[in-house]
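Read the structure below first, then the notes.
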Amino acid sequence: MKYMKTFKIPGILALLLSAMITLAAKSPGYFIQGTFTGLANGTVIELIPSGTHDDEEAIASTAVKDSKFSFKGTVDGPRLFRVTVKGYYGGCQVMVDNTNISITAEAGLAERYGSKFLDLSDLKVTGSPVHEEYLKKVAYRERLNEDHIAYNKRGEAIISQVNAARQSKDTAKVAALMKSDAYRQFEAEEKAFFDKVAKISSDIIRSNKDSWWGPFLMLNAYSYFTPEQKPVFESFSEAAKESYYGRKIKEELFPKGFLGQKAPAFEAVSSGKADADLMKLIKNNKYTLIDFWASWCVPCRKSIPALKALYEEAGKSGLQIVSISIDEKETDWLKAEKEENLKWPSFLDKGTTSKAWKIRAIPAMFLLDENGIVVGENPTLEQVKAKIKGS
């Protein structure tokens with residue numbers, strides 16, 4: 001005989017009602033409603049991922065109408081975004097979770113130092129509890145900024161004198177000024193400040209090591225990572241390491257690299273507006289050294305004389321060098337390229353090459369063989385020479 005399990009109808013209704021309430025309680029995603037008073041109709045607002053070392057692209061854009069704009073979507077955990085006008089720096093940071101968020105501010109567009117900025121005043125972000133927590137956790141940066149301004153203000157006179165002496169190339173006066181009590185006082189205060197930055201940053205990161213906040217704050221505290229930061233990452237809980245921001249740090253500290261693989265995507269343009277063709281560049285060469293640099297990178301530019309010497313020595317033995325600038329402004333790159341008088345093909349990254357090659361810091365170099373296979377990552381010039389001699 002078969003027995004059928006029976007339920008009382010009221011019990012089923014209760015279960016269904018409970019499930020509906022649970023589903024209703026869970027927000028289907030985020031809805032950001034903004035009002036930037038002062039912006040003209042049609043002004044394009046972008047929502048750009050932030051909080052990592054990646055050069056992120058906007059995930060959404062919308063046009064302002066009557067000072068208002070909105071975004072909606074979903075995130076699989078708290079994410080920091082920047083809200084700004086397309087093509088402009090500035091704007092505001094918003095920590096987003098799947099909830100309704102309101103952003104209001106007085107807005108103005110300005111140009112400074114040759115760049116465009118969105119300036120916001122009377123900024124208010126409401127509706128996001130995680131944003132409120134974010135503001136509390138990063139408040140220490142504002143206090144440190146005040147300290148930074150203060151000690152630089154105190155040392156303004158002596159630093160101005162040193163800079164003026166350097167500009168006039170008066171090395172004797174520079175040396176004398178740097179031995180003065182005023183300059184030594186400035187140096188002492190500067191060291192004390194950066195020691196304070198290091199301690200406070202380390203303390204707040206370690207106090208949040210058991211959640212995603214730890215990796216997030218680590219990304220927030222450092223512009224780039226070195227092997228010295230590995231123990232900090234290892235101190236995180238497994239949940240923190242496997243969080244979105246934890247994985248971002250892991251990618252930087254423990255990169256997989258490209259050794260033995262085909263060279264990644266290559267999109268760059270020459271000063272003559274010709275697109276770079278990697279296969280043509282490596283053709284007929286035993287090895288090709290790809291050098292990532294920028295006009296503002298002092299170590300990059302200091303390395304160029306040694307690269308020229310290497311090119312002079314090994315160029316006839318089958319070595320090609322290709323420079324890729326990651327400058328944001330074409331004019332900066334063109335000026336530096338002319339000043340350095342590069343003897344090999346030189347290009348400006350269109351914005352995707354450095355990302356494809358996972359460039360985190362420059363200078364960065366990759367050695368390719370004649371088939372475009374990566375055979376060296378950040379090799380020394382001596383290693384490059386040895387490779388050529390051994391081939």
Side-chain angles (χ1 to χ4, degrees), residues 53 89-93 108 110-121 123 135-207 217-229 231-232 293-306 325-329 331-333 335-336 338-340 360-364:
H53 294 162
Y89 294 102
C92 65
Q93 304 272 43
E111 188 166 334
R112 296 189 294 273
Y113 321 115
S115 297
K116 297 177 180 180
F117 290 85
L118 167 63
D119 295 328
L120 300 177
S121 60
L123 175 66
L135 293 179
K136 292 176 183 176
K137 289 186 182 293
V138 300
Y140 78 97
R141 291 178 66 93
E142 183 59 34
R143 294 192 293 271
L144 288 174
N145 187 52
E146 291 172 359
D147 290 348
H148 183 260
I149 292 172
Y151 89 77
N152 274 284
K153 186 70 175 176
R154 290 192 293 271
E156 187 174 13
I158 185 63
I159 295 303
S160 294
Q161 293 176 53
V162 170
N163 289 339
R166 282 175 175 159
Q167 288 178 0
S168 63
K169 297 182 180 181
D170 189 342
T171 54
K173 188 173 183 180
V174 170
L177 288 169
M178 292 180 72
K179 290 179 181 178
S180 68
D181 290 340
Y183 190 81
R184 286 173 176 169
Q185 175 65 26
F186 174 80
E187 281 189 315
E189 288 194 36
E190 186 170 60
K191 182 180 183 304
F193 170 76
F194 283 105
D195 286 345
K196 183 178 181 180
V197 170
K199 184 179 186 311
I200 291 177
S201 299
S202 177
D203 287 347
I204 192 168
I205 291 167
R206 291 183 184 279
S207 66
L217 292 166
M218 187 172 173
L219 284 160
N220 191 258
Y222 298 99
S223 298
Y224 60 90
F225 297 131
T226 65
E228 284 70 31
Q229 273 87 54
V232 180
W293 72 299
S295 64
W296 45 262
C297 173
V298 175
C300 300
R301 300 188 68 165
K302 283 185 176 180
S303 72
I304 289 176
S325 168
I326 64 169
D327 276 293
E328 290 188 2
K329 292 183 179 179
T331 52
D332 291 343
W333 163 60
K335 181 174 181 290
K338 184 177 180 180
E339 290 171 348
E340 298 297 347
R360 302 292 184 183
I362 52 174

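No experiment lies behind these values; they were computed from the predicted model shown.
For the pair D203 and K199, the salt-bridge criterion is met [side-chain N within less than 4.0 Å of a carboxylate O]. A salt bridge links E156 with K153: the closest approach of a Lys/Arg side-chain nitrogen to an acidic carboxylate oxygen falls below 4.0 angstrom.
Note: Y183 and F186 have tilted aromatic rings, judged against thresholds of 30 and 60 degrees for the angle between ring planes.
Summarising the geometry, atom OG belonging to S223 is positioned 13.0 Å from atom CZ belonging to R360; distances are rounded to the nearest 0.5 Å. Rounded to the nearest 0.5 angstrom, Y89 OH and E111 CD are separated by 11.5 Å. Considering CG of D147 and CZ of F194, their distance stands at 11.5 Å, rounded to 0.5 Å. To the nearest 0.5 Å, atoms CD (E187) and CE (M178) are separated by 6.0 Å. Within the model, atoms CG of N145 and CZ of R143 stand 12.0 Å from one another, a figure rounded to the nearest 0.5 Å. We find the CZ-OG distance between R206 and S201 to be 12.0 Å, quoted to the nearest 0.5 Å.
Looking at every heavy atom in both residues, I205 comes nearest to M218 through CD1-CA, 3.6 Å. Nearest approach of S168 to A165, heavy atoms of both residues: OG-O, 3.0 Å. Heavy-atom minimum distance, K329 versus G114: NZ-O, 3.4 Å. Pairing each heavy atom of W293 with each of A336, the nearest pair is CH2-CB, 3.8 Å. Summarising the geometry of Q229 relative to Y222, their closest heavy-atom pair is NE2-CE2, 3.8 Å, with the distance given to 0.1 Å.
For F193 and H148, the distance between ring centers is under 6.0 angstrom.
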Set out, in order, the CA-CA distance, both residues' side-chain angles and the distance that settles side-chain contact (heavy atoms from CB on, under 4.5 Å) for V174 and D170, then state yes or no. CA-CA 6 Å; V174 170; D170 189 342; 5.5 Å; no
Let me have the donor-acceptor pairs involving side chains of residues 295-306, under 3.5 Å, with sequence neighbours excluded, atom names and distances please.
residue: S295; atom: OG; partner: D327; partner atom: OD1; Å: 2.7
residue: S295; atom: OG; partner: D327; partner atom: OD2; Å: 3.4
residue: R301; atom: NE; partner: E340; partner atom: OE2; Å: 2.7
residue: R301; atom: NH1; partner: S295; partner atom: O; Å: 3.2
residue: R301; atom: NH2; partner: E339; partner atom: OE1; Å: 2.7
residue: R301; atom: NH2; partner: E340; partner atom: OE2; Å: 3.1
residue: S303; atom: OG; partner: C300; partner atom: O; Å: 2.6

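Looking at R166 and N163, their side chains come closer than 4.5 Å, going by heavy atoms from C-beta outward. The side-chain heavy atoms of Q93 and V138, taken from C-beta on, include no pair separated by under 4.5 Å.
The local environment of CD in E189 is crowded, with over 12 non-hydrogen atoms from other residues, nucleotides or ligands closer than 6.0 Å. No more than 12 heavy atoms of other residues, nucleotides or ligands shown are found within 6.0 angstrom of NZ on K116.
Judged as a salt bridge (Lys or Arg N to Asp or Glu O under 4.0 Å), and not counting sequence neighbours, the contacts of D119 are R112.
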